[in-house]
A.B. asks: 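Below is one structure. I have some questions about it.
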Amino acid sequence: MSDYRYPYQEGVFVLNQLVGLEQICHQAGLDEFAEGLAEAVLDEASKLGSEQLAPLNVTGDRLGATIENNNVIETPGFSNAYQQFCDSGWPSLAGNPEFGGQGLPNVLAVAVNEIWQSANLAWSLCPLLTQGAIEAIETHGNDQLKQHYLPKLISGEWTGTMNLTEPDAGTDLAALKSKAVPEGGHYRISGQKIFITWGDHQMTDNIVHLVLARLPDAPAGVKGISLFVVPKYLLDEQGNPTAQRNDAYAVSLEHKLGIHGSPTCVMSFGDNGGAIGYLVGKENQGLACMFTMMNDARQGVGLQGLAISERAYQHALAYAKERIQGTLRDGSRISIIQHPDVRRMLLQMKSSIQAMRALVYVARAESDYVNNAADETAQLKHQKRNDLLTPIVKGWVTELSQELTYLAVQIHGGMGFIEETGVAQYYRDARILTIYEGTTGIQALDLIGRKTLVDGGVAVSDLLSEMRDDLGAISAPELQDIVTATQAAVEHAEDAKQWVLAQAAQDASAAGSASVSYMMLMGYLCGGWLLTKSAAIAQRDLANEGADLEFLNAKIISARFFAEQMLPRVGALLAAMQSGGDTIMAMSEAQF
């Protein structure tokens, strides 16, 4: 088994040089934290990730969670790790200070979350889902809900869940059947939810379930959905949990391909008279509340794609350096990292992970710019960029993670297929990422529909314009081949946008047929753009006294490899968009 270490130098580079963490701190009034913040926080977080969480990753995979009498028992060691996590203040890092949070930038919290997710993806899903509950309650909840629930959620003393999916209502929430009946100052909730991540455990005193349900007189479809807080243990008037268990239980656990340490529960509400719940937002407006949770979670799942790819890369790199196979002409034995094809696979992993990290961090920084905007115009600009990048982060990064974890297994050869080497776990764990919180197809439809067609391509045009400006400002002759390749990809994306706008107006199926190709095209483009910017920064910094020449030159090599080997996929995806729609829809159902 390989050890895990957060790629500290790379993370600090992205935060300070590409994202502009110091600027975000100044805008947020955190001047005293601006200098050296990333270095200090990431150094401490990496210790917990490497020393406490990473060793439990295999334990979670092999032992998983269990269920006894409708109570889920988490993997041994997980609870102690969670307590250390809370005692060190990590859950509250970016939380609202009004409710006990530290108020640090969201983008810094994302970098920290990468550590937890790389170290132990299954464990990290618990605090990730809690963040979605915090966002929903803080954005849509009334004052009493905020006062009773946010301090404990932000501190990590309680955890949160999202209860959306039902046996007959997955992506199609219009088919949702769970019921909510008004009763005085609360509601009685009944129904069953499936695929509920960390739906139950014994690590905290309470669990706060966010549950979608219908009122008796609700209109049909998604316009009749409401959102409710349903605590595992009911609260007293002061907001403290009582000994009274709510009528909300995990009745079974799913047996999964991966993330075995994360209990995926079937939750039953109301088997004994109805679970008590409290309305979040307004009646029949739960969809808006849900999207607050979902958009936060979607960027979080994109981060998981980055994190598991990084862990797989480190594992494959260690193996490639240690595995002796093959000889040189002089007869000396060599490790497989000397083989050109192994180096190709490692460099594809390394450059792609750097592109993914840059995009994930840059996208999350947009939420900080929204929060700190000087005026409404600036706020709207950054919100539109955040909305545009969210499906790309979730869709492209998680799809690419499938390829990268596959390469990690491939580098191991036959040993990669053997569970004892450990790399297969990353391949299995990554597989869920393209599915939950909205499948790849859902992300692609969101990007092409809500984020491109609805505004006539304005948000995409603004992004492409920024890319052209950034690339045009790079004058270093050593980078012109990279710049030229990236500029060509930008123009392919312009053609793709124009094709979408023209074809969707004529053919209702065109957008759906081309949507995944369009999303992947935009992902590779965004990754290439940010790597090219990174290469320009690295080229500039090579002249600095005391510069880490090895690190900076490696940044440039990664950008060049991505431009040569990965960016050509943009042109191929454009061609697929332009020619594939008719073929996709031509075959009748009987012909499949």
Side-chain angles (χ1 to χ4, degrees), residues 59-83 122-123 125-130 132-133 149 152-153 156-170 176-181 183 186-214 227-236 240-278 432 436:
T59 305
D61 186 54
R62 293 179 178 173
L63 299 182
T66 58
I67 187 166
E68 301 174 5
N69 300 319
N70 294 343
N71 289 301
V72 175
I73 312 301
E74 63 277 354
T75 297
F78 274 29
S79 183
N80 288 337
Y82 186 82
Q83 192 58 54
W123 179 93
L125 293 175
C126 188
L128 173 69
L129 270 295
T130 301
Y149 291 97
K152 298 290 188 181
L153 289 168
E157 294 173 77
W158 298 349
T159 62
T161 72
M162 294 166 54
N163 292 254
L164 315 180
T165 305
E166 298 181 4
D168 296 321
L176 186 144
K177 296 178 180 178
S178 292
K179 298 178 181 179
V181 179
E183 184 181 273
H186 57 257
Y187 297 77
R188 289 282 178 178
I189 312 297
S190 60
Q192 187 178 87
K193 301 289 183 177
I194 61 173
F195 304 151
I196 308 307
T197 301
W198 282 94
D200 191 44
H201 57 81
Q202 311 307 314
M203 300 195 300
T204 59
D205 293 335
N206 212 352
I207 300 173
V208 182
H209 303 292
L210 275 291
V211 183
L212 288 180
R214 292 186 183 281
L227 182 67
F228 302 89
V229 161
V230 181
K232 177 178 178 179
Y233 289 98
L234 299 177
L235 310 185
D236 61 23
N240 299 312
T242 68
Q244 183 179 356
R245 180 74 184 265
N246 207 352
D247 190 8
Y249 293 91
V251 295
S252 67
L253 291 178
E254 305 291 357
H255 301 282
K256 310 187 297 288
L257 175 67
I259 56 169
H260 296 152
S262 171
T264 302
C265 304
V266 176
M267 297 294 299
S268 185
F269 298 89
D271 286 348
N272 300 295
I276 293 177
Y278 304 91
I432 186 60
Y436 62 17

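In this text the structure is predicted, and so the values were computed from the model without any measurement. In this chain, residues are counted from 1 in sequence order.
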A.B. asks: So does L234 get a backbone contact from the side chain of T242, meaning a donor-acceptor N/O pair under 3.5 Å?
C.D. replies: yes
A.B. asks: Drop me the distance from T165's OG1 to Q192's CD, to the nearest 0.5 angstrom.
C.D. replies: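 Atom-to-atom, T165:OG1 and Q192:CD are 12.0 Å apart.
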A.B. asks: Show me the side-chain donor-acceptor pairs of residues 66-73 shorter than 3.5 Å, one per line, residues at least two apart or across chains.
C.D. replies:
from : atom 1 : to   : atom 2 : distance (Å)
N71  : OD1    : R245 : NH1    : 3.3
N71  : ND2    : N69  : O      : 3.3

A.B. asks: Decide yes or no on side chain to side chain contact (heavy atoms under 4.5 Å, CB included) for V230 and N163, but give the supporting numbers first.
C.D. replies: CA-CA 10 Å; V230 181; N163 292 254; over 6 Å; no
A.B. asks: Could you grab the distance from atom OG1 of T159 to atom NZ of K152, nearest 0.5 Å is fine?
C.D. replies: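 Rounded to the nearest 0.5 Å, the OG1-NZ separation comes to 13.5 Å.
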A.B. asks: Testing the basics here: between Y249 and D247, what is the closest heavy-atom pair and its distance to 0.1 Å?
C.D. replies: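 Of all heavy-atom pairs spanning Y249 and D247, the closest is CE1-OD1, 3.9 Å.
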A.B. asks: Measuring from atom OG1 of T197 to atom CD1 of I432, what distance do you get when rounded to the nearest 0.5 angstrom?
C.D. replies: 8.0 Å
A.B. asks: At what distance, to the nearest 0.5 angstrom, does CG of L63 lie from CZ of F78?
C.D. replies: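 So the gap between those two atoms works out to 9.0 Å.
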A.B. asks: For a side chain to side chain contact (heavy atoms under 4.5 Å, CB included) check, start with the C-alpha distance between W123 and T75, then their side-chain angles and the critical distance, and finish with the verdict.
C.D. replies: CA-CA 9 Å; W123 179 93; T75 297; over 6 Å; no
A.B. asks: Would you say the side chains of S79 and Q202 form a donor-acceptor pair under 3.5 Å?
C.D. replies: no
A.B. asks: For the residue pair C126 and M203, what are the closest heavy atoms and their distance?
C.D. replies: SG-CE, 3.9 Å
A.B. asks: Only pairs at least two apart or in different chains count here, so list each ring pair (Phe, Tyr, Trp, His ring centres under 6.0 Å) that has a residue in residues 187-206.
C.D. replies: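 Qualifying pairs, neighbours excluded: Y187-F228, W198-H201.
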A.B. asks: Taking the side chain from N206 and the backbone from W158, do they hold a donor-acceptor pair closer than 3.5 Å?
C.D. replies: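 No.
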A.B. asks: Tell me, with the steps shown, if L227 and L210 meet side chain to side chain contact (heavy atoms under 4.5 Å, CB included).
C.D. replies: CA-CA 7 Å; L227 182 67; L210 275 291; 3.8 Å; yes
A.B. asks: Roughly how far, to the nearest 0.5 Å, is the CG atom of D200 from the NZ atom of K232?
C.D. replies: 4.0 Å
A.B. asks: At what distance, to the nearest 0.5 angstrom, does CD1 of I196 lie from NE2 of H209?
C.D. replies: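 Atom-to-atom, I196:CD1 and H209:NE2 are 9.0 Å apart.
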A.B. asks: Is K193 reaching over with its side chain to a backbone N or O of L212, donor-acceptor style, under 3.5 angstrom?
C.D. replies: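 Yes.
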A.B. asks: Which pairs would a plain distance check flag for residues 269-278, meaning a side-chain donor or acceptor within less than 3.5 Å of a matching protein atom at least two apart in sequence or in another chain?
C.D. replies:
from : atom 1 : to   : atom 2 : distance (Å)
D271 : OD1    : S268 : OG     : 2.9
D271 : OD2    : S268 : OG     : 2.7

A.B. asks: Only distances under 3.5 Å count here; give the side-chain donor-acceptor pairs of residues 253-260 to other protein atoms, sequence neighbours excluded, each with its distance to 0.1 Å.
C.D. replies:
from : atom 1 : to   : atom 2 : distance (Å)
K256 : NZ     : I259 : O      : 3.3
K256 : NZ     : S262 : O      : 2.7
K256 : NZ     : T264 : OG1    : 3.2
H260 : ND1    : D61  : O      : 2.8
H260 : ND1    : D61  : OD1    : 3.1
H260 : NE2    : K256 : O      : 2.9
H260 : NE2    : L257 : O      : 3.3

A.B. asks: State, to 0.1 Å, how close P76 and T59 come at their nearest heavy-atom pair, and which atoms those are.
C.D. replies: O-CG2, 4.0 Å
A.B. asks: Search all heavy atoms of E166 against all heavy atoms of S178 and return the closest pair with its distance.
C.D. replies: OE2-OG, 2.6 Å
A.B. asks: Applying side chain to side chain donor-acceptor pair (under 3.5 Å), name anything that partners N240, two or more places apart in sequence or on another chain.
C.D. replies: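 Not a single residue meets the side chain to side chain donor-acceptor pair (under 3.5 Å) criterion with N240.
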A.B. asks: Search all heavy atoms of G156 against all heavy atoms of Y82 and return the closest pair with its distance.
C.D. replies: O-OH, 2.6 Å
A.B. asks: I'd like to check the salt bridge (charged side-chain N to carboxylate O under 4.0 Å, His left out) partners of D168; sequence neighbours left out, ordered by chain and number.
C.D. replies: K177
A.B. asks: Within the distance-only criterion (no hydrogens, no angle test), does the side chain of R188 pair as donor or acceptor with the backbone N or O of E183 below 3.5 angstrom?
C.D. replies: no
